[in-house]
Engineer: 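This is the structure I have questions about; it appears just below.
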Amino acid sequence: MSAYKRIQCSIVDKEALLTALQELGLNPAVYDTPQPLRGFQGDSRSQSAEIVVDRHQLNQAFTGASNDLGFRFDESSGEVIMICSNYDQSCQIDQRVKQAYAKVVIEKALRNQGFKVKVTMPEETSLKSRKRAQVNIQGR
């Protein structure tokens with residue numbers, strides 16, 4: 001059984017997080033109240049989250065033995081706490097989510113400043129892809 005680890009990240013924009021997850025080929029469930037996360041065998045864990053990526057999605061997209069990936073809002077800091085199992089962290093799922101989130105936030109900020117952003121992604125845009133995107137930024 002993989003243990004969960006709480007990972008503090010600088011995710012503050014819920015919509016950007018959802019967009020980033022979708023760009024990774026994931027379809028997260030969003031709840032009004034925290035829901036318990038499930039382990040790779042379907043067992044209920046003590047951790048809970050308002051945004052949950054089901055383990056089956058991660059299994060199909062990347063690892064084959066994932067646990068649910070969760071995101072819980074910390075009202076005191078205004079940030080999101082990512083709840084990722086040790087196993088999934090060893091597969092760098094947490095880093096891929098952070099990278100995708102940063103990409104979405106940067107593109108949004110550039111567009112708001114009047115820049116045109118063209119992103120060229122490799123054909124495989126799921127978590128399996130290790131290729132880097134090519135980004136071209138044109139001035140106003």
Side-chain angles (χ1 to χ4, degrees):
M1 179 188 304
S2 293
Y4 274 98
K5 181 176 183 178
R6 295 177 70 123
I7 300 168
Q8 191 73 31
C9 46
S10 298
I11 297 175
V12 294
D13 184 336
K14 178 181 173 181
E15 293 305 315
L17 172 60
L18 293 173
T19 300
L21 292 171
Q22 290 168 352
E23 285 187 6
L24 289 171
L26 303 170
N27 186 24
V30 181
Y31 301 98
D32 291 331
T33 59
Q35 301 297 305
L37 299 178
R38 299 209 172 268
F40 75 98
Q41 295 179 326
D43 52 311
S44 183
R45 302 293 180 94
S46 61
Q47 298 83 1
S48 60
E50 292 95 350
I51 298 175
V52 178
V53 177
D54 185 85
R55 67 192 185 284
H56 298 298
Q57 292 181 45
L58 294 174
N59 289 343
Q60 289 178 340
F62 188 60
T63 68
S66 290
N67 301 278
D68 286 354
L69 175 65
F71 300 89
R72 186 162 189 168
F73 294 95
D74 180 358
E75 293 183 23
S76 64
S77 69
E79 293 185 350
V80 174
I81 297 171
M82 184 187 315
I83 305 169
C84 183
S85 73
N86 288 339
Y87 174 78
D88 293 327
Q89 188 179 11
S90 73
C91 296
Q92 299 182 344
I93 290 175
D94 58 326
Q95 295 302 317
R96 292 171 187 268
V97 170
K98 290 177 188 179
Q99 183 178 20
Y101 175 79
K103 175 187 164 291
V104 168
V105 170
I106 290 168
E107 287 175 359
K108 181 179 176 181
L110 288 169
R111 284 189 186 99
N112 288 343
Q113 293 294 319
F115 291 93
K116 294 180 182 178
V117 179
K118 178 182 175 187
V119 178
T120 306
M121 294 293 292
E123 286 184 25
E124 315 87 34
T125 58
S126 71
L127 287 172
K128 289 181 182 179
S129 177
R130 294 183 184 261
K131 297 178 183 176
R132 298 190 188 276
Q134 179 181 2
V135 179
N136 296 317
I137 303 170
Q138 299 175 351
R140 299 181 218 185

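Along the sequence shown, the residues carry numbers beginning at 1. Only heavy atoms go into these numbers, but all of them, side chains included; no hydrogens, no water, no symmetry mates. For clarity, every value in this text was computed on a predicted model and none was experimentally measured.
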Engineer: Is it true that the side chains of Gln92 and Ser90 contain a donor and an acceptor less than 3.5 Å apart?
Structural biologist: no
Engineer: Just how far is it from atom CG of Leu37 to atom CZ of Arg45, taken to the nearest 0.5 Å?
Structural biologist: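 Here the interatomic distance stands at 9.0 Å.
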Engineer: Could you tell me if the side chain of Val52 sits less than 4.5 Å from the side chain of Leu69, heavy atoms only?
Structural biologist: no
Engineer: Give the minimum heavy-atom separation between Gln57 and Asn27, together with the two atoms involved.
Structural biologist: OE1-N, 2.6 Å
Engineer: Is it possible for you to say whether Phe73 and Val104 belong to one hydrophobic cluster, with membership spreading through side-chain heavy-atom contacts below 4.5 Å?
Structural biologist: no
Engineer: Calculate, to the nearest 0.5 Å, the distance between atoms SG and CD1 belonging to Cys84 and Ile93 respectively.
Structural biologist: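 CD1 of Ile93 is found 6.0 Å from SG of Cys84.
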Engineer: Between Asp13 and Lys108, is there a side-chain N and carboxylate O pair less than 4.0 Å apart?
Structural biologist: yes
Engineer: Kindly give the heavy-atom pair with the smallest separation between Gly70 and Ala49, and that separation in Å.
Structural biologist: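 So the two residues come closest at CA-CB, 3.7 Å.
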Engineer: Mind checking the CD1-NZ spacing from Ile11 to Lys98? Nearest 0.5 Å is all I need.
Structural biologist: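 Nearest 0.5 Å value for the CD1-NZ distance: 7.5 Å.
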Engineer: Taking side chain as C-beta onward, heavy atoms only, is Gln47 less than 4.5 Å from Pro36?
Structural biologist: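 No, their side chains stay 4.5 Å or more apart.
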Engineer: Under a 4.5 Å side-chain heavy-atom rule over Ile, Leu, Val, Met, Phe, Trp and Tyr, are Met82 and Val30 clustered together?
Structural biologist: yes
Engineer: So does Thr33 get a backbone contact from the side chain of Gln35, meaning a donor-acceptor N/O pair under 3.5 Å?
Structural biologist: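 Indeed, once roles are kept as given, a pair shorter than 3.5 Å links the two residues.
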Engineer: Are the charged groups of Lys103 and Glu23 less than 4.0 angstrom apart, N to O?
Structural biologist: yes
Engineer: CZ/Phe71 to CD1/Ile83 distance, rounded to the nearest 0.5 angstrom?
Structural biologist: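 It is 9.0 Å, given to the nearest 0.5 Å.
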Engineer: Please lay out, stage by stage, how Ile51 and Leu21 fare under the test side-chain contact (heavy atoms from CB on, under 4.5 Å).
Structural biologist: CA-CA 10 Å; Ile51 298 175; Leu21 292 171; 4.3 Å; yes
Engineer: Can you tell me how far the CG atom of Leu26 sits from the CZ atom of Arg96, to the nearest 0.5 Å?
Structural biologist: 11.0 Å
Engineer: Can you give me the closest heavy-atom contact between Ala16 and Tyr101, atom names plus distance?
Structural biologist: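 Scanning both residues completely, I find the closest heavy atoms to be CB-CE1, 3.7 Å.
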Engineer: Count I, L, V, M, F, W, Y as connected when their side-chain heavy atoms are under 4.5 Å apart, and connections chain through other members. Are Val80 and Leu18 then in the same cluster?
Structural biologist: yes
Engineer: Does Asp74 come within less than 4.0 Å of Arg72, counting only side-chain N to carboxylate O?
Structural biologist: no
Engineer: Restricting to non-hydrogen atoms, name the atom on Val53 and the atom on Pro28 that form the minimum distance, rounded to 0.1 Å.
Structural biologist: CG2-CB, 4.0 Å
Engineer: Restricting to non-hydrogen atoms, name the atom on Asp32 and the atom on Glu50 that form the minimum distance, rounded to 0.1 Å.
Structural biologist: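 Scanning both residues completely, I find the closest heavy atoms to be O-CG, 4.5 Å.
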Engineer: Say you draw a straight line from CD of Gln89 to CG of Asn86; how long is it, rounded to the nearest 0.5 Å?
Structural biologist: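 The CG atom of Asn86 is 6.5 Å from CD of Gln89, to the nearest 0.5 Å.
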Engineer: For Gly39 versus Asn67, what's the shortest heavy-atom pair and its separation?
Structural biologist: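 Nearest heavy atoms, Gly39 then Asn67: CA-OD1, 3.1 Å.
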